[in-house]
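These notes concern the structure reproduced below.
Because only heavy atoms are used, hydrogens play no part in the values below, and waters and symmetry mates are left out as well, while side chains stay in. Fair warning: this is a prediction, and the values are worked out from it, not measured in the lab. All ligand and atom numbering here is 1-based and tracks the order in the structure.
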Amino acid sequence: MGKVLVTGGAGFIGSHLVDRLLKDGCDVVVLDDFSTGRPQNLEHHKNNRKLKLVQIDISEYSKIEKFFKNVDWVFHLAALADIVPSIKKPFKYHKSNVNGTISVLEASRVNEVKRFVYAASSSCYGIPDQYPTPETAEIRTEYPYALTKNIAEQYVIHWGKIYGLPVVSLRMFNVYGPRSRTSGTYGAVFGVFLAQKLHNKPFTVVGNGNQTRDFTFVSDIVDAYIQVAESDMCNEIFNLGSGQTYSINRLVELLGGDILYVPKRPGEPDCTFAEISKIQKMIGWKAVIPFENGVQTMLDNIDYWQEAPVWTPEKIKEATREWFQYLGK
Ligand code: UDP
């Protein structure tokens, strides 16, 4: 494949996707405003002339449109993440996640890209009735982040239906891997635990730690993106998960260290678990990295979290105040 555009390409998943595309010989354009993405995530490509890195706000259609000329594939990963900031600043989240998506869709349509892949979120399922959770499960968005990601997904599918843009949406479960976010916001358990381990502090386990997550290693996710782009699927939504679910206690056991318990947060599912037979059947993709190996890779790369905030129960209480206030009803 020739030219590929990745929005959010300086972020955690985006930067791994860019690594893979450059390795495969593609010309890659990255649009990123560095709000949570970090230029350091692409530092190792700084002398690679096949990569063009543009700092830009994707919601500004008139500014981004020109970068889509002659682009074959678009991977749209740029978005604001995290729960509490989305409760505090819903308009900001709407602008980035919804307006940003419409802008990227339009630029893709006008320039007749051959493939548009959207990074959707499994947070659309809220607390589901069914485990493993299939793509057909009811949409239950519990906070503005989940809502904006789901509204944007509806736009993506709509652009496929109305304009014939070849779109696919991938609903990702708990993705982890090197460079997973270290921004100041509380969230994403791996960043929290690895920073705690580096500083010999106890792991802040939520609830009793028996809750489980469908943790999927980032290299598996990147393989799925590429396989989906190479396929001729159009207007489909796929779950992207390992199809397994692991407890937080198991994660702590693998990482090794002391525990401090913090209160369970309202609206938080006891389990996330992707039903993955659709993508397995239609694309032939399946995650292959065992959880134990993925966690070991995180430990091997632990220095990345040197500057990440070290969360204590007191700081977590403060950072999750709005979470308890608005979702605890
Ligand atoms: N978690 C935890 N301690 C923390 C942060 C998270 O035990 O300091 C747990 C949390 O309860 C959840 C899992 O780790 O079961 C994943 O949390 P994350 O915020 O990464 O993802 P999400 O809850 O959105 O699936």
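- The pair R250-E253 meets the salt-bridge criterion, since a charged nitrogen lies less than 4.0 angstrom from a carboxylate oxygen.
- For V192, every heavy-atom contact with ligand 1 shorter than 4.0 Å involves the side chain, none the backbone.
- Counting atoms of ligand 1 from 1 in the listed order, those under 4.0 Å from a heavy atom of E268 are 10 (C), 11 (O), 12 (C), 15 (O), 23 (O).
- Selection from D270, N210, V189 by nearest heavy atom to atom 18 (P) of ligand 1 gives V189.
- Ligand 1 has no atom lying under 4.0 Å from any heavy atom of K264.
- For the ligand labelled ligand 1, residue Y186 lies inside the 4.0 Å heavy-atom shell.
- At least one heavy atom of F193 sits under 4.0 Å from some atom of ligand 1.
- Checked for salt-bridge contact, R20 and D24 meet the test: a charged N lies under 4.0 Å from a carboxylate O.
- Among Y176, F203, W305, the single residue meeting the ring-ring contact (aromatic ring centres under 6.0 Å, His included) criterion with F193 is F203.
- At a 4.0 Å cut-off, not a single heavy atom of T272 sits close enough to ligand 1 to count as contact.
- With respect to atom 21 (O) of ligand 1, the closest heavy atom belonging to the protein is N174 ND2, 3.2 Å.
- Comment: E314 does not engage K317 in a salt bridge, judged by the lack of any side-chain N to carboxylate O separation of less than 4.0 angstrom.
- Heavy-atom contacts of R213 reach the following atoms of ligand 1: 12 (C), 13 (C), 15 (O), 16 (C), 22 (P), 23 (O), 25 (O) (cutoff under 4.0 Å).
- Looking at heavy atoms from C-beta onward, Y145 lies in side-chain contact with N97 at the 4.5 angstrom threshold.
- At a distance under 4.0 Å, a protein heavy atom can be found next to atom 11 (O) of ligand 1.
- Aromatic ring orientation, Y246 versus F291: parallel (interplanar angle below 30°, classes split at 30° and 60°).
- Between Y163 and W159, the angle of the ring planes lies from 30° to 60°, which puts this pair in the tilted group.
- A salt bridge between K52 and D27 is absent, with no side-chain N of the basic residue lying under 4.0 Å from a carboxylate O of the acidic one.
- Annotation: atom 3 (N) of ligand 1 to nearest protein heavy atom, T204 O, 2.6 Å.
- In terms of protein heavy-atom proximity, atom 7 (O) of ligand 1 is nearest to V206 N, 2.9 Å.
- Contact annotation for I248 and ligand 1: only side-chain heavy atoms (C-beta onward) come within less than 4.0 Å of the ligand.
- The protein heavy atom nearest to atom 15 (O) of ligand 1 is Q211 CG, 3.0 Å.
- Near V205, meaning under 4.0 Å from one of its heavy atoms, ligand 1 places the atoms 7 (O).
- When the side chains of ILVMFWY residues are joined at heavy-atom separations under 4.5 Å, either directly or via intervening members, L17 and W285 end up in a single hydrophobic cluster.
- Of all protein heavy atoms, the one closest to atom 19 (O) of ligand 1 is A188 N, 3.5 Å.
- Between R140 and D129 there is a salt bridge, since a side-chain N of the basic residue sits under 4.0 Å from a carboxylate O of the acidic one.
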